[in-house]
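A quick write-up on the structure given underneath.
Residue numbers count from 1 along this sequence. As a basis for the values below, the full set of heavy atoms in this structure was taken, side chains included, without hydrogen atoms, waters or symmetry mates. For ligands, and for the atoms within them, numbers begin at 1 and follow the listed sequence. This is a predicted model, so every value here is computed, not measured.
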Amino acid sequence: MSLQSFSAGAPVDEIVEAMRRDGAAVVTELASDAVVDAVLRELRPALDRSGLEQVSGFNGSLTNRFNGILREAPSAAPLLEHDMVVALADALLLPYCATYQIGSLTAIEIMPGESEQALHRDDSLYPVQLAGVELQIGVMWALCDFTAENGATRVVPGSHRFLRSWHLPDVSGWVSAEMPKGSALFYLGSTWHGGGANRSNAPRAGLINTYSLGWLRQESNQYLETPPEVAARFSPRLRALLGYTTHGAAEEDRIGVYRGGACPAWLDDPPEPAWREDRGQSATPDSARAQGGG
Ligand SMILES: O=C(O)CCC(=O)C(=O)O
């Protein structure tokens, strides 16, 4: 079984359907070479300086990783808030939350000679399983061509339906998410996947980030990775995605409120109303209740 691949202009509902069926899908050439090249160029010094700081059995010994993406690579912003990404995240996550957030944001450069990463599911971070509820989705942006030879992400199609258990399920049916530079692999948090071995002579560079339900704690602390003075350089939509907003509209339902004063100017005019209006969620608590919510 292979993953379904879509062109950048494909209807969002068809991609959502493929993700619900297979647990993952590829959308080809969603970002231009110019953007992708700029991201990698901006990340280069950080990857060379501190890429190997996260070496571990799980992360690999020949894999560069870096997390302070927006501090180093402002060119990554359009990828994180891309309309297609937001539309897919809306369809897959908004049934279970009022707003979702970036859970983690990591550049991963698998160097030649690296071996396979263990297959895993990202949502095992959270010690709950709620039938039918997806806790997060992941997006892997290809910053170069992804091939089976250079370590394209390995995905087990259909594995989002495997039950959680202490025993490793049969994950032998993995496929390589091969895709040209600028494409994106979308996968559910429950889908088994992992980095591939790099048997080529060149690095395999990708930018992977997750979007998780807004009432969960972020996997990586985005307020430290992108502190307010850096977040201020980006759009209200991206700031809200980073978590600089609240979950829930009504005073008594809000999570993530900040009442400490000394806010940056843009927090005095919080981004969340615009973000909610985008998605038709600007209803007041009373009218939301009248419509059957809350
Ligand atoms: O590098 C990849 O292709 C996947 C990495 C991954 O899934 C992880 O590190 O959690």
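Here is the list of ligand 1 atoms found below 4.0 Å of a heavy atom in H120: 6 (C), 7 (O), 8 (C), 10 (O). Counting atoms of ligand 1 from 1 in the listed order, those under 4.0 Å from a heavy atom of H193 are 7 (O). Heavy-atom proximity to I108, at under 4.0 Å, picks out these atoms of ligand 1: 1 (O), 5 (C), 9 (O). The ligand atoms of ligand 1 that sit less than 4.0 angstrom from a heavy atom of M140 are 1 (O), 2 (C), 3 (O). Of all atoms in ligand 1, numbered sequentially from 1 with element shown, those under 4.0 Å from a heavy atom of R65 are 8 (C), 9 (O).
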>> Could you walk me through whether H120 and F58 satisfy the ring pair (Phe, Tyr, Trp, His ring centres under 6.0 Å) test, starting with their C-alpha distance in whole Å, then the side-chain angles of each, then the deciding distance to 0.1 Å, before giving a yes or no?
In response: CA-CA 10 Å; H120 58 281; F58 179 73; 4.7 Å; yes

>> For S200 and N198: C-alpha separation, side-chain torsions, deciding distance, then whether side chain to side chain donor-acceptor pair (under 3.5 Å) applies.
In response: CA-CA 6 Å; S200 77; N198 189 342; 2.7 Å; yes

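For atom 4 (C) of ligand 1, the nearest protein heavy atom (residue, atom name, distance) is G195 N, 3.6 Å. The protein atom (non-hydrogen) at minimum distance from atom 8 (C) of ligand 1 is Q117 NE2, 3.4 Å. Of the protein's heavy atoms, R204 NH2, 3.0 Å lies nearest to atom 1 (O) of ligand 1.
With hydrogens and angles left out, the side-chain atoms of S75 and E42 include a donor and acceptor closer than 3.5 Å. If you check the side chains of R21 and Q4, you find a donor sitting under 3.5 Å from an acceptor. Under 3.5 Å, the side chains of E219 and T210 contain no donor-acceptor pair of N or O atoms. Between the side chains of T106 and N67, at least one donor-acceptor pair of N or O atoms lies under 3.5 Å.
Residue contacts with ligand 1, taken as heavy atom pairs separated by less than 4.0 Å, do not involve E109 at all.
With salt bridges taken as basic N to acidic carboxylate O contacts below 4.0 Å, none links D22 and R161.
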